[in-house]
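The figures here come from the full heavy-atom set of this structure, side chains too, leaving out hydrogens, waters and symmetry mates.
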Amino acid sequence: MKKILLIVSSTLLLANTFFAQDDADKKFRFGLRISPTPTWLRSNDTKVVEKGSTKFGFGFGLQTEFRINSTASFVTGIGGDFLGGKQTYKNGQGYVLDKDNQYVDSKDFNFSKGAAVINASNLSDGNKLYELKSRSVKATYVTIPILLKLMTKDISSFKYFGMFGGNIAIQTKFNATDEINELKYDLSSNSYVSNGSSTITDMKPSGDLIPVNVGLNVGLGAEYNLSGSTSFFLSINYLRGFINQYQSTSDIIVDKIAENVNKGTSPSKSKQSALSDGIQINIGILF
């Protein structure tokens, strides 16, 4: 009986010691984040497309930390991030939509037949020609951060940190809103001319998309200890994408669509450049 009491007492003492360890001694931490994220699309070819307005994105996720020593931790986790941006097109780019408002692959459309012949065939098959002025995108990613976190000692219940690393993201959804000018055939000039601007929503240029993104993630922040190992944290991180989110050459969009149709020449497939950047504001709690 005494041996049993001794074992039970020893076990309770060890358990109490384990659970009472302070934050500096804890090997593993986990928590949750929410992340308001202003984002934009950067282009490497400003002659063809330029950055437009910033979009307000949002994210959330599970964060895990593995302590390396008293000041350094390996940070990872998994989350969902809703990002976007807008680009303005500068080279007379355009595309063809079928009667169901679906993108037509440029290789399946003969732009060199001449305006009159194209108009006659479009009247029968329901295709329409459009000049693309700008595109706003909304994309959803499953994101895995891989970061090194360096943190100060406790300073009046605060700890300050910097983090450096990257994100790996898998795209799960992509929607585009295109600002377009419809091109209408003008009989008197035997050419296609702009018929005014409009907006078309919920477009999915799936054949042009790259579903993986890898990028830089660096930031600064602070933790405030609430109780024991539980802390509130806030950080501001800069995100910079490394991978073009489109194919480098589009299967859908062509350059100078009106000019080429009216001349009866085949247009070039348009170059594309859209790299996702943002400022991520992480607010969360760690246990």
At what distance, to the nearest 0.5 angstrom, does [atom1] of [X] lie from [atom2] of [Y]?
X      : Y      : atom1 : atom2 : value
Asn225 : Ser157 : CG    : OG    : 6.0 Å
Asp105 : Tyr95  : CG    : OH    : 14.5 Å
Leu275 : Ile243 : CG    : CD1   : 9.0 Å
Lys107 : Asn110 : NZ    : CG    : 14.0 Å
Asn127 : Lys99  : CG    : NZ    : 9.5 Å
Tyr160 : Ile155 : OH    : CD1   : 6.0 Å

Side-chain heavy atoms of [X] within contact of [Y], under 4.5 Å:
X      : Y      : answer
Thr265 : Phe111 : no
Val218 : Tyr238 : yes
Glu131 : Ile180 : no
Asn237 : Met163 : yes
Tyr246 : Val137 : yes
Leu83  : Trp40  : no
Tyr185 : Ile118 : no
Glu223 : Phe161 : yes

task: Go through Ser43 and Val48 one step at a time and tell me if the side-chain contact (heavy atoms from CB on, under 4.5 Å) criterion holds.
output: CA-CA 9 Å; Ser43 174; Val48 175; over 6 Å; no

Side-chain donor-acceptor contact under 3.5 Å, [X] with [Y]:
X      : Y      : value
Asn69  : Thr71  : yes
Asp45  : Ser273 : no
Asp81  : Thr143 : yes
Ser270 : Asp255 : yes
Ser191 : Ser189 : yes
Asn175 : Lys204 : yes
Lys159 : Ser231 : no

Would the number of heavy atoms belonging to other residues, nucleotides or ligands and lying under 6.0 Å from [atom1] of [X] be above 12?
X      : atom1 : answer
Lys271 : NZ    : no
Lys128 : NZ    : no
Phe56  : CZ    : yes

For the pair [X] (side chain) and [Y] (backbone), establish whether a donor and an acceptor sit closer than 3.5 Å, ignoring hydrogens and angles.
X      : Y      : value
Ser112 : Ser266 : no
Thr230 : Gly228 : no
Lys55  : Pro38  : no
Asn244 : Ala274 : yes
Asp186 : Asn190 : no

Same cluster or not: [X] versus [Y], using hydrophobic residues (I, L, V, M, F, W, Y) connected whenever any side-chain heavy atoms lie under 4.5 Å apart?
X      : Y      : answer
Phe74  : Phe287 : yes
Ile253 : Leu97  : yes
Met203 : Val49  : yes
Phe30  : Phe232 : yes
Ile34  : Leu239 : no

Please report the closest heavy-atom contact between [X] and [Y], naming both atoms and the distance.
X      : Y      : result
Gly241 : Arg42  : O-NH2, 2.7 Å
Gly59  : Arg33  : C-NH1, 3.8 Å
Asp108 : Val104 : CB-CG1, 4.5 Å
Gly77  : Thr64  : N-OG1, 3.9 Å
Asn282 : Ser35  : OD1-OG, 2.7 Å
Ala115 : Asn262 : CB-OD1, 4.1 Å

Phe58 ring center near Phe60 ring center (under 6.0 Å):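 For Phe58 and Phe60, the ring centres are not under 6.0 Å apart.
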
task: State yes or no: are the ring centers of Phe28 and Phe66 separated by less than 6.0 Å?
output: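 Yes, the ring centres sit under 6.0 Å apart.
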
- request: Please lay out, stage by stage, how Ile281 and Thr37 fare under the test side-chain contact (heavy atoms from CB on, under 4.5 Å).
  value: CA-CA 6 Å; Ile281 304 166; Thr37 312; over 6 Å; no

May I ask you to say whether [X] pairs ionically with [Y], meaning some side-chain N is under 4.0 Å from a carboxylate O?
X      : Y      : value
Lys27  : Glu65  : no
Lys184 : Glu182 : yes
Asp178 : Arg135 : yes
Lys86  : Glu50  : no

Single hit among Val142, Val212, Leu209 for side chain to side chain contact (heavy atoms under 4.5 Å, CB included) with Gln171: Leu209

- request: Using side chain to side chain donor-acceptor pair (under 3.5 Å) as the criterion, list what pairs up with Lys133, not counting sequence neighbours.
  value: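 Per chain and number, Lys133 pairs via side chain to side chain donor-acceptor pair (under 3.5 Å) with no residue.
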
field: Pairing residues for Glu179 by the side chain to side chain donor-acceptor pair (under 3.5 Å) criterion, not counting sequence neighbours
entry: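 Partners of Glu179 under the side chain to side chain donor-acceptor pair (under 3.5 Å) test: Ser134.
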
message: Between Leu183 and Ile257, is the side-chain contact (heavy atoms from CB on, under 4.5 Å) condition met? List the steps.
response: CA-CA 9 Å; Leu183 299 176; Ile257 183 170; 3.9 Å; yes

field: Thr172 and Tyr141: CA distance, side-chain angles, deciding distance, side-chain contact (heavy atoms from CB on, under 4.5 Å) verdict
entry: CA-CA 6 Å; Thr172 61; Tyr141 294 90; over 6 Å; no

- prompt: Lys149 and Ser73: side chain to side chain donor-acceptor pair (under 3.5 Å), yes or no, with the steps?
  reply: CA-CA 5 Å; Lys149 180 179 180 180; Ser73 298; over 6 Å; no

task: Sequence neighbours left out, what pairs pass salt bridge (Lys or Arg N to Asp or Glu O under 4.0 Å) with at least one residue falling in residues 230-251?
output: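 Applying salt bridge (Lys or Arg N to Asp or Glu O under 4.0 Å) to every pair that reaches into residues 230-251, excluding sequence neighbours, yields Arg240-Asp277, Asp251-Lys269.
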
